[in-house]
Amino acid sequence: MHKYTRTLIAGVAAGLAVAATTGTASAQAMDYKGKTIKIVIPYGPGGTYDKYGVSFSNYLGKHIAGNPNVILQHMPGAGGAKAMNWAYNVMPKDGLNMIVPLDNGVTNQLMRPEKARYDARNFIWIGSSN
């Protein structure tokens, strides 16, 4: 992997870590030593979302004070809506949990409101890894 690509991935991953802590504790105040950060992937292994998560998990812990462990959890189902609903309604808001959100999360909410039990406006969005 080229140095520029690794740096870009590390920067995006660090940004995700900061966003994950917003609202509960600032990134500077959070003690990540001995902690585990979980990244939820809304599809099964092997696809593009899995590759995003693997890329983040390989670098994220190295760029956060305390060097936490970073693990992935695949949560396939309902075209990714299962994971989005879980992240919005159940996922602990403790700065240790993240999701690789669906690219079509907003569209799903508008087109299939009975399946989307989340409000995309209330997620903390960083941007796209594309």
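Quick caveat, the model's predicted, so the values are computed rather than measured.
The two residues Asp50 and Gly44 have their closest heavy-atom pair at CB-O, 4.2 Å. Closest of all the heavy-atom pairs between Ala81 and Lys115 is CB-O, 4.4 Å. For the residue pair Met84 and Pro101, the shortest heavy atom distance occurs at SD-CA, 3.9 Å.
Residue pairs meeting the side chain to side chain donor-acceptor pair (under 3.5 Å) criterion with at least one member in residues 78-89, sequence neighbours excluded, are Tyr88-Asn122. The list of ring pair (Phe, Tyr, Trp, His ring centres under 6.0 Å) pairs with a residue in residues 97-117, not counting sequence neighbours, is empty. Screening residues 36-46 for side chain to side chain donor-acceptor pair (under 3.5 Å) gives Lys38-Gln73 as the qualifying pairs, with residues at least two apart or on separate chains.
To the nearest 0.5 Å, atoms CG (Leu102) and OH (Tyr118) are separated by 6.0 Å. Here the NZ atom belonging to Lys51 is positioned 11.5 Å from the CD1 atom belonging to Ile41, to the nearest 0.5 angstrom. Expressed to the nearest 0.5 Å, how far OH of Tyr32 lies from CG of Leu60 amounts to 8.5 Å. Considering CG of Asp94 and CE of Met30, their distance stands at 6.0 Å, rounded to 0.5 Å.
The cationic group of Lys62 lies under 6.0 Å from the six-membered ring centre of Tyr59 and within 45° of the ring axis, placing it in a cation-pi geometry.
In this structure, Ile99 and Ile39 have side chains that are not in contact, with every pair of non-hydrogen atoms separated by 4.5 Å or more. Looking at heavy atoms from C-beta onward, Asn97 lies out of side-chain contact with Ile37 at the 4.5 angstrom threshold. No side-chain heavy atom of Arg112 sits less than 4.5 Å from a side-chain heavy atom of Thr107.
Note on Val54 and Val100: same hydrophobic cluster, where clusters join Ile, Leu, Val, Met, Phe, Trp and Tyr whose side-chain heavy atoms are under 4.5 Å apart, directly or indirectly.
In the hydrophobic clustering (ILVMFWY side chains linked at under 4.5 Å, chained through shared members), Leu110 is joined by Val106. Through direct or relayed side-chain contacts under 4.5 Å between Ile, Leu, Val, Met, Phe, Trp and Tyr, Met111 connects to no other residue.
A salt bridge links Arg121 with Asp119: the distance from a Lys NZ or Arg NE/NH1/NH2 to an Asp or Glu carboxylate oxygen falls below 4.0 Å.
Not a single donor-acceptor pair under 3.5 Å links the side chain of Gln109 to the backbone N or O of Ala116.
Not counting sequence neighbours, the partners of Pro76 by the side-chain contact (heavy atoms from CB on, under 4.5 Å) test are His74.
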